[in-house]
Number of protein chains: 2
Amino acid sequence: MFRPPFKAKSRRLPATSDAAPGDNVVSLSETRGAAATKERILDSAESLFMEHGFEATSLRSITAAAAVNLAAVNYHFGSKEELFQAVLTRRLDPMNHDRLTLLTRLEAEAAPKALSCEKILTALFIPALTLARDPRRGGKNFLRLLGRAYADPAPFIRQFLSAQYAEMIVRFKTAFGRALPYLPRKELSWRLHFIMGALSYTLAGTDALKLIAELNPHESDDDEILLRRLAPFLLAGLKTPLPDVSDVTRELDVELARRAKDDRARRTHLTRS
Amino acid sequence: MFRPPFKAKSRRLPATSDAAPGDNVVSLSETRGAAATKERILDSAESLFMEHGFEATSLRSITAAAAVNLAAVNYHFGSKEELFQAVLTRRLDPMNHDRLTLLTRLEAEAAPKALSCEKILTALFIPALTLARDPRRGGKNFLRLLGRAYADPAPFIRQFLSAQYAEMIVRFKTAFGRALPYLPRKELSWRLHFIMGALSYTLAGTDALKLIAELNPHESDDDEILLRRLAPFLLAGLKTPLPDVSDVTRELDVELARRAKDDRARRTHLTRS
DNA sequence: CTATAATTCAAACAAACGTTTAAATGAGCC
DNA sequence: GGCTCATTTAAACGTTTGTTTGAATTATAG
């Protein structure tokens with residue numbers, strides 16, 4: 001009997017994991033015990049969810065890769081959805097916390113002057129890069145998984161990500177607002193939206209576009225090079241003057257007007273024939 | 001008996017659809033017949049794939065929404081995967097063809113001078129916008145679906161998209177290369193990658209980030225406004241000087257160095273204790 | 001009208017899915 | 001040692017999945 005207490009916030013831990021939180025013993029030489037089982041499941045799930053997506057990854061493939069019993073997922077996490085959230089939380093939570101900490105420190109260092117956009121963007125990028133470069137954790141896998149989760153239609157994923165990102169986004173938006181006081185708040189919201197989109201999309205590393213870039217395989221795997229190129233690109237967009245004085249919107253208007261005219265012409269031609 | 005000939009490239013069409021290709025009779029007042037069945041399936045599949053993704057959408061839900069028999073999908077398209085490809089092809093093929101045509105025309109108009117980045121970006125955006133605004137076709141649904149397909153891990157989707165985009169990407173890359181001759185080809189590849197990513201991500205319209213933008217609901221649905229904001233943003237990034245003289249990379253280096261130092265300090269502290 | 005091929009239909013298929021069950025196993029405490 | 005939990009295990013649960021089948025239906029051609 002004895003139903004799994006997976007809903008309990010803090011249940012009695014097994015003997016193998018009585019290390020205080022904060023110690024980085026993680027799970028070295030820990031090959032059995034409940035905590036080790038949970039971690040093996042999380043690791044396998046992370047790479048399999050990354051590779052095939054949430055729906056297309058079966059619990060059987062996860063438990064097989066983790067060398068644990070099928071029922072272990074439901075016992076330790078409750079359900080497949082909760083497992084997925086646990087996979088995301090494990091790395092996303094520290095990363096976003098890292099971002100906030102770094103932003104706060106940089107703000108304190110720059111006080112009383114406002115932080116530059118360069119430094120704010122740095123606070124956004126560095127924690128992601130740190131995660132990607134950490135060899136202990138499957139950081140690269142995770143960032144890909146995260147990028148995919150952003151585009152996943154499943155409601156529970158979207159809800160979860162919104163909640164996870166909400167606080168961080170607000171903080172960064174006010175920071176950027178201070179750095180770009182001339183920029184209307186709504187325009188800033190758009191640009192921040194574009195930045196987060198480009199970041200998550202780029203880190204997802206969809207190889208569907210690898211042929212666009214003609215990159216050396218090893219180079220496209222280096223996230224540092226990637227962010228080093230992405231950051232100036234996004235920063236230029238962030239700092240650009242308001243769109244209503246831009247050349248490109250004028251070109252858009254020209255073509256839109258031409259299409260409208262063509263459309264009218266085609267319509268009258270059809271009614272006459 | 002009479003097995004479905006869904007592999008035959010051009011099989012005899014039913015009586016209701018003997019219109020020559022190119023006529024835009026589409027399927028008005030066509031509520032029965034094989035062609036109408038195929039189109040109803042495509043419409044339902046488009047919106048359901050958009051809403052739930054490929055894996056999470058069942059053939060039963062598609063056929064129910066289309067009011068056709070369950071077996072109709074396998075009869076007319078062969079399999080679920082082929083149906084998905086048909087859904088993408090139906091709109092993506094004309095849209096990319098439209099892009100190439102528009103680019104060619106603009107190049108001819110500007111000859112012998114090189115095309116400006118603004119005009120090239122226009123050739124990239126206008127066909128997508130035209131598709132989105134066409135009320136006859138579920139353009140908006142489709143663009144969302146497309147954005148999601150870009151992030152889908154399924155191999156057959158990635159392969160398919162690569163093939164669909166290959167030609168168009170090459171043409172646009174050479175056009176941008178002519179407009180930005182000072183820019184190294186590899187850097188251009190990166191920036192084009194970022195542009196395609198931001199475009200697909202933005203058009204996907206993931207509402208996970210709606211709270212970032214604090215937008216009016218109706219405003220976030222207007223793809224024209226969206227592209228009007230996105231275009232100047234991306235254009236500024238495209239035209240920005242090389243990253244090795246950028247301020248933001250310097251800031252990235254500062255923080256990376258600091259992290260490396262902290263890391264060394266932490267390591268020595270641990271070995272001493 | 002009749003023959004013939006194309007399409008639709010209800011039903012069934014085997015396989016895979018997430019989840020649940022109850023017994024077996026394991027380790028820590030008195 | 002015996003007791004008590006937490007954990008693991010193998011098996012089965014009931015659904016749902018994409019696909020196939022063969023007959024019924026419909027439309028076209030001669």
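Computation of the quantities below employed the complete heavy-atom set of this structure, encompassing side-chain atoms and omitting hydrogens, waters and symmetry-equivalent molecules. Bear in mind that the values here come from a model prediction, so they are computed numbers and not experimental data. Labels below follow one simple rule: chain letters A, B, ... track the order of the sequence lines, proteins then strands, and each chain is numbered from 1.
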Polar-atom pairs under 3.5 Å, protein N or O versus N or O of nucleotides 14-18 of chain D: list them with distances, or write none.
| residue | atom | partner | partner atom | Å |
| --- | --- | --- | --- | --- |
| dT17(D) | OP1 | Ser58(B) | OG | 3.4 |
| dG18(D) | OP1 | Thr57(B) | O | 3.4 |
| dG18(D) | OP1 | Lys80(B) | NZ | 2.7 |
| dG18(D) | OP2 | Leu59(B) | N | 2.9 |
| dG18(D) | N7 | Arg60(B) | NH1 | 2.8 |
| dG18(D) | O6 | Arg60(B) | NH2 | 2.8 |

Starting from C1' on dG26(C), measure out to OH on Tyr75(A) and report it in whole angstrom. 12 Å

Modelled atom types, side-chain donor and acceptor of Ser79(B) and Glu82(B), under 3.5 Å: yes

So which heavy atom on Leu230(B) is nearest to which on Ala198(B), and how close? CD2-O, 4.2 Å

At 4.0 Å (heavy atoms only), tell me whether Ala72(B) reaches a base, stays on the sugar-phosphate, or touches nothing. nothing

Please report the interatomic distance CZ(Arg148(B)) to CD(Glu51(B)), rounded to the nearest 0.5 Å. 8.5 Å

Is any NZ, NE, NH1 or NH2 atom of the basic residue among Asp43(B) and Lys38(B) found under 4.0 Å from an Asp or Glu carboxylate oxygen of the other? no

Roughly how many Å is it from CG in Leu83(A) to C1' in dT19(C), rounded to a whole number? 14 Å

Residue set satisfying side chain to side chain contact (heavy atoms under 4.5 Å, CB included) with Ala71(A), at least two apart, ordered chain then number -> Asn69(A)

Can you give the dot-bracket line for DNA chain D, where a pair is Watson-Crick or G-U wobble with both atom distances under 3.5 Å, crossing pairs use [ ], and | marks a partner on another strand? |..|||||||||||||||||||||||||||

Just jot down the side chain to side chain contact (heavy atoms under 4.5 Å, CB included) partners of Glu55(B), sequence neighbours excluded, or say none. Glu55(A), Ala56(A)

Respond yes when some side-chain nitrogen or oxygen of Thr37(B) is under 4.0 Å from OP1 or OP2 of dT7(C), and no when none is. no

Tell me whether the OP1 or OP2 atom of dA6(C) has a side-chain N or O from His76(B) closer than 4.0 Å. no

Arg171(A): which residues meet the salt bridge (Lys or Arg N to Asp or Glu O under 4.0 Å) condition with it, sequence neighbours left out? Glu107(A)

Give, ordered by number, those residues of residues 62-69 of chain B having at least one heavy-atom distance below 4.0 Å to an atom of DNA chain C; if nothing qualifies, reply none. Asn69(B)

Residues in side chain to side chain contact (heavy atoms under 4.5 Å, CB included) contact with Asn96(A), at least two apart in sequence or another chain: Leu92(A), Arg99(A), Tyr165(A), Met168(A)

Run the salt bridge (Lys or Arg N to Asp or Glu O under 4.0 Å) test against Arg259(A) and tell me which residues pass, sequence neighbours left out. Asp98(B)

Return the set of residues passing side chain to side chain contact (heavy atoms under 4.5 Å, CB included) with Ala64(B) (not counting sequence neighbours), or none when no residue passes. none

Sequence-distant partners of Phe54(B), ring pair (Phe, Tyr, Trp, His ring centres under 6.0 Å), two or more places apart: Phe49(B), Phe84(B), Phe156(B)

